[in-house]
Structure formats: structure tokens, C-alpha cells
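Here the structure comes first, spelled out in C-alpha cells, and everything after it is commentary.
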Amino acid sequence: MSRRLWHPAVILLLIPLLYPIVWLAFASFKSGSEIVQSLALLPEEWILDNYRALGDDLAGVSAGRFFVNSTIVAASCAIANVASCSLAAYAFARLRFRLRAPLFAFTLATIMLPVHIVTIPQYSLFQRLGMVDTFWPLILPKLLATDAFFIFLMVQFMRTIPRELDEAARLDGCGSIRIFGSVVLPLVRPALVTTAIFTFIWTWNDFFTQLIYLSSPEKLTLPLALRLFIDTTDHNAFGPMLALSALAIVPILLFFAAFQRLLVEGFATSGLKG
């Protein structure tokens, strides 16, 4: 298919995918009654009251605090997940130890395990540790390499690295930790960025886990704060809720745009070689 036909076809496919985001952006400038009653894309009257309302406290907390909480949780989970999954992947891909293959197979099998199965045991554990209503239950699991998908992604990527590089580093006196930090990590940067991006986005948008562990208004994240516009008011404040939703998308778009090249490179090159 020529480019003259390919580009219009891609644009037509993107329209139904991007329409909800475009509608959200325009709806954030509509009044609450117009949001409910009208299906038009453009607002009849452009108003900024929805964004001005975000300056008021919501349940005694400013909207900026919700952004800070989400940023802390999402960034911490991304860093922790990259660190733990890269260490686990390095062990499976480059080190030799007993039961490596069965352990790797068991790790991959956990991908099929529904998250709801471990929710109650995890909550019971964190409750006994006194960590409920803190950010720790959201961050600590990421330090234990619990995302088998990213481990598999990094393992496949590390297997493309020639082992001669490891042998050359050992001849220079490097141990396994030095090889991991100085040789392997720089070469798997696209896989690390891919892990960081998806972990950040999934954590930023997570509602279920954060709903379980967070209850204090000053510790709520953006997904939980959006619920307050409906649950804590006498009327449904759809306008400010959509305005906050539109602003919540901006960090994700910026984060993705900043690392888009490495993300595509990671998917294009991982798992293609033996």
C-alpha cells in the first residue's frame, strides 16, 4: 500500500481512538448541564469555571496535593519496578544456578494469576505491619519483582547481548554486579524505559489497589480524587471532574512523548534474537 493511501487509512483508524480524549478536552469547558444534555463536541459557551473550581479544596485537600501523591506513587513504583525486574532478569538471563529454568517458568506462570487472588493475603499482611493508609503497600511489592511480564521482556532483551562482553569484563576483573551495572544495563536501556513507562502509566491510572489501601483525604491519588466530585457533594460536579481528568492525562502524555523513541526501540528489538 502506498503512503498516499496508508496515511489516510491510519488517520481514519485513529479517529475513534482519539475521539474520547478530544471530547474530554472540550467537555472540560462546558457547564454541568450541557455535559449531561448535549452530545455536541464543541461547547455552546466556553467557560473556565471548571478549572477555577480546582483551586478550591476538595474534602479539605487541594487538587495539587492529589497530583503530588500520584506523582510520588507512580514515580516510586516505576523506579522500584525497573530496579527489581532488571536484577531478576539479569539472574535468569546471564547467571548459572540450579533450578534456573523451573524458577523462570514459575515466574512466567504468575502472569496468569489474577491479582484479586492475592489481594486479601496482601492486605492482611500490610495491616499487621501497620502500613494501611500509607503509600508503602503500593510501592513495596514493586521492589520484589512481582511483574513477570517485565522480567520476561528484559530477559529476552538481555539474551541478545553477546556473552563475549561478559567474558571480556571478567578478564578485566569485573564481578557479576559490576558487569550488570557497567555492561548489561547500558545495553538494555530501551527495555528499562519500556518498563518505566508502562509501570508509571498503569500506576497513575490504578484505582482498585489504591482504593483498598488509601483512605485519608490528604493521601488520596488522582483516580480516587475524581470519585470525590460525585460522592461528597449534593450534586454531581461533572465539569470540575472532567477538568481534573483532562489535567490528569497531561503528565502521561508528556512522559510518553519524552521516551517514545526508546519505547518503540524496546518493542522492536526485544525478543527477536535467541
Side-chain angles (χ1 to χ4, degrees), residues 18-81 126 131-140 142 196-259:
L18 297 179
Y19 180 81
I21 299 178
V22 176
W23 181 90
L24 173 64
F26 284 118
S28 65
F29 294 96
K30 297 180 180 181
S31 62
S33 58
E34 185 180 355
I35 292 174
V36 177
Q37 299 174 3
S38 175
L39 296 178
L41 179 63
L42 298 178
E44 298 178 358
E45 180 182 358
W46 295 75
I47 60 174
L48 297 176
D49 293 342
N50 296 332
Y51 288 93
R52 295 193 185 101
L54 298 180
D56 301 331
D57 289 347
L58 182 64
V61 183
S62 64
R65 183 61 190 176
F66 301 133
F67 273 92
V68 172
N69 292 342
S70 288
T71 302
I72 293 175
V73 173
S76 300
C77 288
I79 296 173
N81 213 28
F126 286 121
M131 294 183 178
V132 175
D133 199 24
T134 68
F135 296 151
W136 289 115
L138 308 176
I139 301 173
L140 284 181
K142 301 298 182 182
I197 289 177
F198 277 96
T199 303
F200 184 90
I201 293 176
W202 291 346
T203 305
W204 185 273
N205 294 328
D206 182 32
F207 179 82
F208 177 73
T209 306
Q210 297 172 8
L211 177 64
I212 293 175
Y213 291 108
L214 302 179
S215 58
S216 299
E218 66 275 6
K219 296 178 182 177
L220 297 183
T221 55
L222 276 173
L224 301 181
L226 291 173
R227 187 189 60 171
L228 297 179
F229 286 101
I230 297 178
D231 292 346
T232 62
T233 58
D234 296 333
H235 62 283
N236 296 331
F238 289 116
M241 181 177 64
L242 293 183
L244 186 58
S245 299
L247 293 178
I249 297 178
V250 175
I252 297 178
L253 296 177
L254 295 178
F255 195 76
F256 178 82
F259 300 101

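Atoms considered below: every heavy atom in the structure, side chains included; atoms not considered: hydrogens, waters and symmetry mates. Note that the structure is a prediction, hence the values are computed from the model and not measured.
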Query raised in the report: Does the side-chain contact (heavy atoms from CB on, under 4.5 Å) test come out yes or no for N81 and F198, once each step is laid out?
Result: CA-CA 10 Å; N81 213 28; F198 277 96; over 6 Å; no

Report task. Write down the atom of E45, the atom of E34, and the distance for their closest heavy-atom approach. Result -> N-OE1, 4.1 Å

Report summary line: C77 and T199 have their tightest heavy-atom pair at O-CG2, 3.5 Å

Query raised in the report: Could you give the distance from CD1 (I197) to CD1 (I252), rounded to the nearest 0.5 Å?
Result: 11.5 Å

**Report entry** Pairwise side-chain contact, L224 with N69, heavy-atom cut-off 4.5 Å (strictly under)
**Finding:** no

Query raised in the report: From N50 CG over to I35 CD1, what is the distance, rounded to the nearest 0.5 angstrom?
Result: 6.0 Å

Query raised in the report: What's the spacing between S76 OG and K142 NZ if we round to 0.5 Å?
Result: 12.0 Å

Query raised in the report: Which atoms form the tightest heavy-atom contact between S245 and L226, and what is the distance?
Result: OG-CD2, 3.5 Å

Query raised in the report: Can you name the nearest heavy-atom pair linking F135 to K219, along with the distance?
Result: CE2-O, 3.4 Å

Check: residues 20-30 side-chain donor-acceptor pairs under 3.5 Å, at least two apart:
from: S28; atom 1: OG; to: A25; atom 2: O; distance (Å): 2.6
from: S28; atom 1: OG; to: Y51; atom 2: OH; distance (Å): 2.7
from: K30; atom 1: NZ; to: A40; atom 2: O; distance (Å): 2.4

**Report entry** Spatial distance of atom CG (N205) from atom CZ (F200) [nearest 0.5 Å]
**Finding:** 9.5 Å

Report summary line: Scanning both residues in full, the closest heavy-atom pair of A80 with I139 reads CB-O, 4.4 Å

Query - Value rounded to 0.5 Å, distance of OG in S70 from CZ in R65 - result: 10.5 Å

**Report entry** Any I212 side-chain heavy atom under 4.5 Å of F208 side chain
**Finding:** yes

**Report entry** Single hit among D133, T134, L138 for side chain to side chain contact (heavy atoms under 4.5 Å, CB included) with Y213
**Finding:** L138

Query raised in the report: Is there side-chain contact between V73 and T203, with at least one heavy-atom pair below 4.5 Å?
Result: yes

Requested in this report: Applying side-chain contact (heavy atoms from CB on, under 4.5 Å), run through R227 and L220 and close with a yes or a no.
Outcome: CA-CA 10 Å; R227 187 189 60 171; L220 297 183; 5.6 Å; no

Report task. Would you mind reporting whether L54 and L247 have side-chain heavy atoms less than 4.5 Å apart? Result -> yes

Query raised in the report: Taking all atoms of both residues into account, what is the closest heavy-atom pair of D206 and P223, and its distance?
Result: O-CG, 3.3 Å

Query raised in the report: Please walk me through it: do W204 and T71 pass side-chain contact (heavy atoms from CB on, under 4.5 Å)?
Result: CA-CA 8 Å; W204 185 273; T71 302; 3.6 Å; yes

Query - Working for side-chain contact (heavy atoms from CB on, under 4.5 Å), residues T221 and F207 - result: CA-CA 9 Å; T221 55; F207 179 82; over 6 Å; no

